[in-house]
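A short worksheet on the structure shown next.
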Amino acid sequence: MKVGIDIEKTIREQLREMSEEKYQRFSSSLTPGINNILGVRLPLLRKMAAKIAKEDYKFYLKYAEDETFEEVMLQGMVIGSCKAGIEEVLNMAADFIPKINNWSVCDSFCNGLKITKKHRERVWDFLQPYLRSDQEYDIRFGVVMLLHYYVLPEYTDKVFMHFNHIKHSGYYVKMAIAWAISVYFVLLPEKTKKYLLNNDLDDFTYNKALQKITESLRVDKETKAWVRGMKRK
């Protein structure tokens, strides 16, 4: 343990050296309720994660601590960067997901799990318990994974069924679903239009999805007008 603690202190010291007070204030303003942000820019974290992933990521993850936002973010990036088989990655992911307590770590982690593209069916099975969870960030993890890797015709009906069944009241769940629907609308418009005409979404999530669609630069003016006309009062 002593070796691990020494390594961890070194990493934390490096993070503190890379931190910026102005960026810390900016980052904190985007993640309300998270009070342990040092203020390290994401490209610097990604560079550090890539180095750790090439060295001994197993040792790092075994001893890594969660004292700061950046330390947790770094762990997620290392998991996404390491050259490991899908089962090992999913085991590491399962250990990491309970540490997620904000949208930023969640979304960065999902974006880094690009191994999913080669193992969609296996990862689909892995996501099912998270999509059915009663924990806000478990569900957000599942939904953000869907919008990154499953905007495909063969998954759409199953994805929309999940959106209908998710009834969690958490703001970051609702916003993730709204974001996901807007992505599906841009890439699979006809299927998503049918879903918007017949769904079980709550009014907040539904209207937020419409708002995000109308904010997209990839949706034409006529379609945006149609979408605005669908808003629930």
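FYI, the numbering just counts along the sequence from 1.
A donor-acceptor pair under 3.5 Å is absent between the side-chain atoms of Asp95 and the main chain of Met92, judged by distance alone. Asn91 contributes a side-chain N or O that, together with a main-chain N or O of Glu87, makes up a donor-acceptor pair within less than 3.5 Å. Proximity of a side-chain donor or acceptor of Ser27 to a complementary backbone N or O of Tyr23 within less than 3.5 Å is not detected. A donor-acceptor pair under 3.5 Å is absent between the side-chain atoms of Trp179 and the main chain of Lys212, judged by distance alone. No donor-acceptor pair under 3.5 Å is formed between the side chain of Glu136 and the backbone N or O of Asn102. A donor-acceptor pair is defined here as one N or O able to donate and one able to accept, closer than 3.5 Å; no such pair exists between the side chain of His168 and the backbone of Gln135. For Lys174 (side chain) and Thr205 (main-chain N/O), no donor-acceptor pair under 3.5 Å exists by modelled atom type. A donor-acceptor contact shorter than 3.5 Å links the side chain of Tyr149 to the backbone of Cys110. Listed for the Arg218 side chain is no donor-acceptor partner under 3.5 Å among the backbone atoms of Val186. Judged by distance alone, the side chain of Asp66 and the main-chain N or O of Val72 form no donor-acceptor pair under 3.5 Å.
To the nearest 0.5 Å, atom CG of residue Leu45 and atom CG of residue Leu15 are 6.5 Å apart. Interatomic distance, CE of Met230 versus NZ of Lys193, reported as 10.0 Å (0.5 Å rounding). Going from atom NZ of Lys62 over to atom CG of Asp56 covers 10.5 Å, rounded to the nearest 0.5 Å. Rounding to the nearest 0.5 angstrom, the gap separating the CD1 atom in Ile37 from the OG atom in Ser29 is 8.5 Å. Taken to the nearest 0.5 Å, the OG1 atom of Thr223 stands 11.0 Å off from the CZ atom of Arg228. Taking CD of Glu65 as the reference point, atom CD of Gln75 lies at 9.5 Å (rounded to 0.5 Å).
In this structure, a donor-acceptor pair under 3.5 Å is present between the side chains of Gln24 and Ser28.
Scanning all heavy atoms of the two residues, the minimum distance from Pro129 to Asp125 falls at CD-O, 3.7 Å. In plain terms, the two heavy atoms of Asn207 and Arg232 that are nearest each other are OD1-N, 3.0 Å. Smallest separation of non-hydrogen atoms from Leu127 and Leu146: CD1-CD2, 4.2 Å. Between Met145 and Val123, the closest heavy-atom pair is CE-CG1, 4.0 Å. Taking every heavy atom of both residues into account, Ala93 and Phe109 meet most closely at CB-CZ, 3.8 Å. Nearest heavy-atom pair across Cys106 and Ile100 is CB-CG2, 3.6 Å.
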Test log, rule salt bridge (charged side-chain N to carboxylate O under 4.0 Å, His left out), inputs Glu190 and Lys194: CA-CA 6 Å; Glu190 295 308 315; Lys194 290 180 181 178; over 6 Å; no
Derivation and outcome, side-chain contact (heavy atoms from CB on, under 4.5 Å), residues Val143 and Ile166: CA-CA 10 Å; Val143 172; Ile166 293 171; 3.9 Å; yes
Verdict with supporting geometry, Leu196 and Leu210, side-chain contact (heavy atoms from CB on, under 4.5 Å): CA-CA 9 Å; Leu196 289 173; Leu210 300 185; 4.1 Å; yes
Criterion side-chain contact (heavy atoms from CB on, under 4.5 Å) on Asn199 and Phe163, from CA distance to verdict: CA-CA 9 Å; Asn199 61 78; Phe163 293 168; over 6 Å; no
CA sep, side-chain torsions, deciding dist, call: Leu113, Phe141, side-chain contact (heavy atoms from CB on, under 4.5 Å): CA-CA 11 Å; Leu113 289 178; Phe141 163 73; 4.0 Å; yes
Step-by-step side-chain hydrogen bond (donor to acceptor under 3.5 Å, both in side chains) determination, Asn36 to Glu71: CA-CA 10 Å; Asn36 60 347; Glu71 285 170 292; over 6 Å; no
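By the neighbour-count criterion of 12 heavy atoms within 6.0 Å, atom NZ of Lys158 is densely surrounded, having more than that number from other residues, nucleotides or ligands. The local environment of CD in Glu154 is crowded, with over 12 non-hydrogen atoms from other residues, nucleotides or ligands closer than 6.0 Å.
Separation of the Tyr63 and Phe59 ring centroids falls under the 6.0 Å cut-off.
Put simply, the side chain of Asp157 reaches to within 4.5 Å of the side chain of Lys191, judged on heavy atoms. Inter-residue side-chain proximity for His148 and Val183 is flagged as unmet; no heavy-atom pair is nearer than 4.5 Å. Looking at heavy atoms from C-beta onward, Ser182 lies out of side-chain contact with Glu215 at the 4.5 angstrom threshold. Residues Ile11 and Ile52 have side chains in contact (heavy-atom distance under 4.5 Å, counting atoms from C-beta outward). Side-chain contact between Trp103 and Thr31 is present, with at least one heavy-atom pair separated by less than 4.5 Å. Taking the side chain as every heavy atom from C-beta outward, Phe185 and Ser216 never approach each other to under 4.5 Å. A heavy-atom distance below 4.5 Å is not found between the side chains of Met18 and Leu38. Inter-residue side-chain proximity for Lys99 and Val105 is flagged as unmet; no heavy-atom pair is nearer than 4.5 Å.
A salt bridge is absent between Lys167 and Asp202: the closest approach of a Lys/Arg side-chain nitrogen to an acidic carboxylate oxygen does not fall below 4.0 angstrom.
By the 30° and 60° cut-offs, the orientation of the rings of Tyr155 relative to Trp124 is tilted.
Each ring-ring contact (aromatic ring centres under 6.0 Å, His included) pair with one or both residues in residues 193-223, not counting sequence neighbours, appears once here: Phe160-Tyr195.
In the hydrophobic clustering of this structure, Met161 does not group with Leu152; members are Ile, Leu, Val, Met, Phe, Trp, Tyr whose side-chain heavy atoms approach within less than 4.5 Å, directly or through other members.
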